[in-house]
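Scroll down for the structure; my scribbles are underneath it.
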Amino acid sequence: MLIDSHAHLDSERYAEDRLGVLRRAGEAGVGAVLAIGIGEEPRGMVRALEICRQFNGQPGVPRLWASAGVYPHNAPEIDDAVLAKLDSLLAEPEVIACGEIGLDYFHEGAPRPAQRVGLIRQLEIAAARKRPILIHCRPKEAMTDAWDDLFEILESHWRATGLGGVMHCFGGGWEQARRSLDLGFLVSLAGNLTYPKAQPLRDVAARLPVESVLVETDAPWLAPAPHRGKRNEPAWVLRTASVLAGLLGVEEEEIASATTKNFFRLFELSPDVGN
Ligand SMILES: [Zn+2]
């Protein structure tokens, strides 16, 4: 069994065939999917949880969990009402993570200070609810600015919680991977691992310990080769897992069982009873 640790199942692009997408994932051997609850804006944070509740238990559908959080671009919209909503969502048993949250200095969809404040306020809520976090971090081209700020914030506002988290769609260098592992984070690889120009990322991935990796689709974006450019879907996480297995020099079954074990360990879940 494989787990897609990051998919935007609430995307409008699945409006017509969400059940079909989930069943294809089930048929492909994807046993669970973490549905990311950022919506198009903070008001939509609840959608991932709604999808979990709608589809969990339906024949052929992977086990679904949800997250909730405010994406860096939406940081200026964070107010007390949004934080109260986030807090109540994180109290739900299916909502196992806070995210994706973090810093995006590449698109800079919100001013950097607002992104940092928004991140810190969400860390406080996630800590109180004892939920690991899903981090989105994207620096300016050829820089490490967002990573540097991120690690400074995590050192002062997160490390002491011991809750850890996931570096989602990891795209940093070895130094950033090393610091993530040192913080007790899992490093999650997405479809871009399979792209021709991603050799630097493959070189980093090849050095990761198998007990610290996850795989994800980030669907509907970042479809792995040979589907690049198409709408991505959880079934295709197998492609990324297969490339990662090659890099780490292990069998595909070992990547499947290791990433599944890593996921359950981080979120303190057991395969049968859920959270
Ligand atoms: Zn995402």
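Treat the numbers as computed from the prediction; the structure is a model and nothing was measured. Remember, it's 1-based here, ligands and their atoms both numbered in the order they're listed. The chain is numbered in sequence order, starting from 1.
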- Task: Assess Arg207 against Trp174: is NZ or CZ under 6.0 Å from the centre of the six-membered ring, and within 45 degrees of the ring's axis?
- Result: yes
Here the ring pair (Phe, Tyr, Trp, His ring centres under 6.0 Å) pairs for residues 92-123, sequence neighbours left out, are His73-His107
Checking Asp148, Asp145, Asp104 against Arg112 for salt bridge (charged side-chain N to carboxylate O under 4.0 Å, His left out), the one that qualifies is Asp145
*List the steps, then state whether salt bridge (Lys or Arg N to Asp or Glu O under 4.0 Å) holds for Glu175 with Arg178.*
CA-CA 5 Å; Glu175 174 62 13; Arg178 189 194 62 72; 3.0 Å; yes
Excluding water, the protein N, O or S atoms sitting under 2.8 Å from the Zn ion (ligand 1) are His6 NE2, His8 NE2, Glu100 OE2, Asp218 OD1
Which of Asn262, Leu244, Asp4 passes side-chain contact (heavy atoms from CB on, under 4.5 Å) with Leu214? Answer is Asn262
- Query: If Ile, Leu, Val, Met, Phe, Trp and Tyr residues are connected whenever their side-chain heavy atoms lie under 4.5 Å apart, and connections chain through other members, are Phe151 and Leu186 in the same group?
  - Reply: no
